[in-house]
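The structure appears below as structure tokens.
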Amino acid sequence: VKYPSHIAAGVQYRPQNEFRPLVYFETEMHTFSEVSDDLNDVLEFRAGAEQQIVPGTPARFGLVYSTSPTDKDRASALFTAGIGFVLRNMHADFGLEFGEMNYASDDLFPQSLYGETNREERDRVETAVFRGMISLGWEL
């Protein structure tokens, strides 16, 4: 069994004062092409910031860009935002992620079906992405 290499690098600025923003930049490379000729290498880039609104309530936002191992034309660009709460032993995080995914797809309605000449074999598709996430935790 052969596994892809995973190369990651990142920088984080974490000030000592809790009310200054935390800022980070990360990039990752996964070499799936070493595993199979049918797969592509994946590049992921993430950047974000976190700011304490009041003690125990951080607000976060960021950007995520990633490519796909199965389709060299597929990429997604997302904006993320969230807020967290710490109430004694309970931790709660609420997040949103929205953006778009771009990829090429086989033409669903080729012109040859209507007696014409096909202009392109693959169509460019842009899909909107929206996700909501909730995370709850309790420390014993």
Side-chain angles (χ1 to χ4, degrees):
V1 176
K2 189 170 184 177
Y3 294 98
S5 299
H6 173 81
I7 303 159
V11 175
Q12 183 179 66
Y13 172 67
R14 183 183 290 270
Q16 297 301 316
N17 181 338
E18 66 179 313
F19 295 107
R20 290 189 182 159
L22 171 105
V23 180
Y24 75 93
F25 301 96
E26 296 179 326
T27 186
E28 292 185 21
M29 176 76 150
H30 307 273
T31 57
F32 289 106
S33 61
E34 292 179 357
V35 177
S36 171
D37 291 336
D38 297 331
L39 297 175
N40 303 302
D41 292 340
V42 171
L43 175 66
E44 293 181 22
F45 174 76
R46 291 184 289 280
E50 177 181 295
Q51 174 69 50
Q52 291 279 343
I53 300 170
V54 295
T57 308
R60 305 174 188 99
F61 69 92
L63 299 168
V64 179
Y65 173 82
S66 64
T67 59
S68 170
T70 56
D71 186 353
K72 65 179 171 69
D73 293 327
R74 180 180 221 126
S76 61
L78 303 170
F79 175 76
T80 62
I83 190 165
F85 299 97
V86 178
L87 301 169
R88 296 189 183 128
N89 293 344
M90 187 185 83
H91 300 272
D93 282 295
F94 304 93
L96 297 174
E97 188 175 70
F98 54 92
E100 69 178 28
M101 185 174 11
N102 299 315
Y103 59 95
S105 178
D106 292 334
D107 192 352
L108 291 177
F109 302 103
Q111 282 74 26
S112 60
L113 291 175
Y114 310 104
E116 298 178 19
T117 304
N118 290 339
R119 292 188 294 263
E120 293 184 32
E121 291 180 17
R122 295 177 63 80
D123 287 335
R124 188 89 179 135
V125 180
E126 294 181 0
T127 304
V129 176
F130 180 82
R131 293 183 200 127
M133 295 154 277
I134 299 173
S135 172
L136 299 172
W138 186 269
E139 290 183 19
L140 298 176

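The structure displayed is predicted, hence computed values, not measured ones.
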field: Cluster link Leu96 to Leu63, ILVMFWY, side chain under 4.5 Å
entry: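 In one cluster with Leu96: Leu63, yes.
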task: Tell me whether Trp138 is reachable from Val86 by hopping between hydrophobic residues (I, L, V, M, F, W, Y) whose side-chain heavy atoms are closer than 4.5 Å.
output: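 Different clusters: Val86 never reaches Trp138 through Ile, Leu, Val, Met, Phe, Trp or Tyr contacts under 4.5 Å.
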- prompt: Does the pair Glu34 and Ser5 meet the rule for a side chain to side chain donor-acceptor pair (under 3.5 Å), with working shown?
  reply: CA-CA 8 Å; Glu34 292 179 357; Ser5 299; 3.2 Å; yes
field: Stepwise side chain to side chain donor-acceptor pair (under 3.5 Å) check, Thr31 with Asp41
entry: CA-CA 5 Å; Thr31 57; Asp41 292 340; 5.1 Å; no
field: Stepwise side chain to side chain contact (heavy atoms under 4.5 Å, CB included) check, Asn102 with Val125
entry: CA-CA 6 Å; Asn102 299 315; Val125 180; over 6 Å; no
field: Donor-acceptor contact below 3.5 Å, side chain Thr80 vs main chain Gly62
entry: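 Between the backbone of Gly62 and the side chain of Thr80 there is a qualifying donor-acceptor contact (under 3.5 Å).
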field: Check: Ser33 side chain, Asn40 main-chain N or O, donor-acceptor pair, under 3.5 Å
entry: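 No; judged by distance alone, with no hydrogens or angles, the pair does not exist.
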- prompt: Is the number of heavy atoms from other residues, nucleotides or ligands within 6.0 Å of CD1 (Ile134) greater than 12?
  reply: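 Check fails, neighbour count at 12 or below.
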message: Just checking Asn89: does its CG atom have more than 12 heavy atoms from other residues, nucleotides or ligands closer to it than 6.0 angstrom?
response: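 Enclosed: over 12 neighbouring heavy atoms sit under 6.0 Å from CG of Asn89.
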field: Pairwise side-chain contact, Met133 with Glu97, heavy-atom cut-off 4.5 Å (strictly under)
entry: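 Met133 vs Glu97: side chains touch.
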message: Does any part of the side chain of Leu78, heavy atoms only, come nearer than 4.5 Å to the side chain of Arg131, both counted from C-beta?
response: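 Sidechains of Leu78 and Arg131: in contact.
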task: Going by the side chain to side chain contact (heavy atoms under 4.5 Å, CB included) test, name the single residue among Glu28, Glu44, Arg74 that passes it with Ser66.
output: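 The passing option is Glu44.
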- prompt: If you measure from CD on Glu50 to CZ on Phe61, what distance do you get to the nearest 0.5 Å?
  reply: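 Going from the CD atom of Glu50 to the CZ atom of Phe61 covers 11.0 Å.
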query: For Thr127 and Tyr103, what are the C-alpha separation, side-chain angles and deciding distance, and is it a side chain to side chain contact (heavy atoms under 4.5 Å, CB included)?
result: CA-CA 8 Å; Thr127 304; Tyr103 59 95; 3.5 Å; yes
- request: For residues Phe85 and Thr57, report the shortest heavy-atom separation together with the two atoms involved.
  value: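 Between these two residues, the closest heavy atoms are CE2-CG2, 3.7 Å.
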query: Can you name the nearest heavy-atom pair linking Arg60 to Asp93, along with the distance?
result: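 Minimum heavy-atom contact is NH1-OD1, 2.8 Å.
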task: Verify the ring-centre separation between Phe45 and Tyr65: is it less than 6.0 angstrom?
output: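 No - the distance between ring centres of Tyr65 and Phe45 does not fall below the 6.0 Å cut-off.
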- prompt: What class does the angle between the rings of His6 and His30 fall in, given that below 30° is parallel, 30 to 60° is tilted and above 60° is perpendicular?
  reply: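 Rings of His6 and His30: tilted, 30 to 60°.
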